[in-house]
2 protein chains.
Amino acid sequence: MRTVDPAKHAAKRRAIVDAAAGCFAEKGFERTTTADICRAAGISSGSLFHYFPSKRAVFTAIFTDDAAETAERLEAAAKADDPLAALLDVVAELAGQIAQPGVVRIVLEAAAQAARDDEFAQLVHRNDSALRDGLAVLLGRAVDAGLIDPGVEPRAAAGWVAGLIDAMISRASLDPGLDLPAEQAILRTILIRFLRPVSPPSGG
Amino acid sequence: MRTVDPAKHAAKRRAIVDAAAGCFAEKGFERTTTADICRAAGISSGSLFHYFPSKRAVFTAIFTDDAAETAERLEAAAKADDPLAALLDVVAELAGQIAQPGVVRIVLEAAAQAARDDEFAQLVHRNDSALRDGLAVLLGRAVDAGLIDPGVEPRAAAGWVAGLIDAMISRASLDPGLDLPAEQAILRTILIRFLRPVSPPSGG
DNA sequence: GTCTATATCTAGATAGAC
DNA sequence: GTCTATCTAGATATAGAC
């Protein structure tokens, strides 16, 4: 029998990460103090540094956790029968995350931090690459199935599909009163018009 | 005769802003110290605070200056004969700015700062609104001229045109080796396919 | 594992001479 | 208008008791 319970340790670690994510979303990385995190998590400074070696380690933990979730989504999508429908669903799901409070702000914060911290930039880059790979697979299958314009190069197009999700985040950050369902509809229209075959085989 | 030369004062102020912009792009707002700015501008702390009341005032000055430039661009575009061509040109120009070193980073920094500073957020919001207004005018004229799908609502579409520029910025930040001309071409394709009339009058 | 207390450092802004 | 010198506050991370 061990004196430490790994599950309990993981749960507490997660609770700290969640509390910290709220702080970082509200105030950004630098202006969030470790005292803020401790207050939000209901622990002391000593405890915080027992679980994490530094403030930055708490920040990066948010995004390693998130990467796993997105990977699951893409795996599920890869198994779908209709690759184009699966792609549109994944985009809607990811873009829909901005409805959660704090998500937009922490994504903006991550982008800014990645611009000046090489190690964190690599993490963000890996996450983005995984997303693009997953989207490219769906686009490739959609081309093969004749569902989309064969002229679109899957890898490059995947970058722009990801970019459109970022565009939604950007819009949301600039317009707090954004009508999310309406914007989702436009996003879907842009994607469909971008990807659909230019001259359908049946001539129309 | 006055002892101060307003032109000289403005020039020095501008030099400080330019030097500071480089610092902010490299390290972000919080991690840039006033000492960094002084070193970059070749002045002392005392001088810096003679020209600006605070570090934040230096930061905001960057974006009030930029707003004027974009307004000029939109004014020129409004006078063009072909509103759709003018729109595509403006987008290409704005998206092309990311080729300048530091532009991507300072835009990301601005987005992050706007998320946590209400006063600065209002400035960013005003700039974005002016851009969207200008784009919406061009889109409205393009609809009237039968150049684009009358089903696209100018104001909402303008938001997505601006969003696509942000998408380019996002892509550039994630992929430093981005092939800018190639991406510009895809951006143009997405816009044209999004906007073009669904069923051309001449039936094809 | 959790706490209190604090060492140590750094940064924004100011004072006041020239 | 520009400088040097410095005040003051607040932050990360650690020490060490329980």
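Fair warning: this is a prediction, and the values are worked out from it, not measured in the lab. Quick note: numbers below take in every heavy atom, side chains included, and nothing from hydrogens, waters or symmetry partners. Sequence lines set the chain letters: A, B, ... in the order given, protein chains first and strands last, and positions in each chain run from 1.
- The local environment of CD in B:Glu26 is sparse, with at most 12 non-hydrogen atoms from other residues, nucleotides or ligands closer than 6.0 Å.
- Between A:Phe59 and A:Phe24, the ring planes lie perpendicular to each other; the angle is over 60°, past the 30° to 60° tilted range.
- In this entry the distance linking CD of B:Glu30 with P of D:dA11 reads 12 Å, nearest Å.
- At whole-Å resolution of the value, CG in A:Leu48 and C1' in C:dC3 are 13 Å apart.
- In this structure, A:Phe29 atom CZ and D:dT12 atom C1' are separated by 10 Å, rounded to whole Å.
- Relative to the side chain of A:Ile43, the nucleotides D:dA5, D:dA13, C:dC3 differ in distance, and C:dC3 lies closest.
- The nucleotide whose nearest atom lies closest to any side-chain atom of B:Lys55 is, among D:dA13, D:dC3, C:dG12, C:dG12.
- The residue A:Ser54 sits close only to the backbone: its heavy atoms come under 4.0 Å of sugar-phosphate atoms, none of a base.
- If you check every strand for non-hydrogen atoms under 4.0 Å, A:Lys8 touches nothing.
- Within the 4.0 Å cut-off from OP1 or OP2 of D:dT4, not a single side-chain nitrogen or oxygen of B:Ser44 is found.
- Between A:Arg39 atom CZ and C:dT4 atom P there is a gap of 13 Å when expressed in whole angstrom units.
- Atom pair A:Tyr51:OH and D:dA13:P shows a separation of 18 Å (rounding to whole Å applied).
- Between the C1' atom of D:dT2 and the NE2 atom of B:His50 lies a distance of 9 Å, rounded to the nearest Å.
- For B:Arg171 and A:Asp128, the salt-bridge test passes: some basic side-chain N is under 4.0 Å from an acidic carboxylate O.
- Separating the NE2 atom of A:His9 from the P atom of C:dT2 is a distance of 9 Å, rounded to the nearest angstrom.
- One atom, CZ of A:Phe49, and another, P of D:dT14, lie 7 Å apart when rounded to the nearest Å.
- Taking 4.0 angstrom as the limit, A:Thr34 places none of its side-chain polar atoms (N or O) nearer than this to OP1 or OP2 of D:dA11.
- Between the side chain of A:Thr32 and the backbone N or O of A:Cys23, at least one donor-acceptor pair lies under 3.5 Å.
- When each of C:dT2, D:dT12, C:dA11 is scored by its nearest atom to the side-chain atoms of B:Thr33, the top-ranked nucleotide is C:dA11.
- Between atom CH2 of residue A:Trp160 and atom OG1 of residue B:Thr189 there is a gap of 10.0 Å, rounded to the nearest 0.5 Å.
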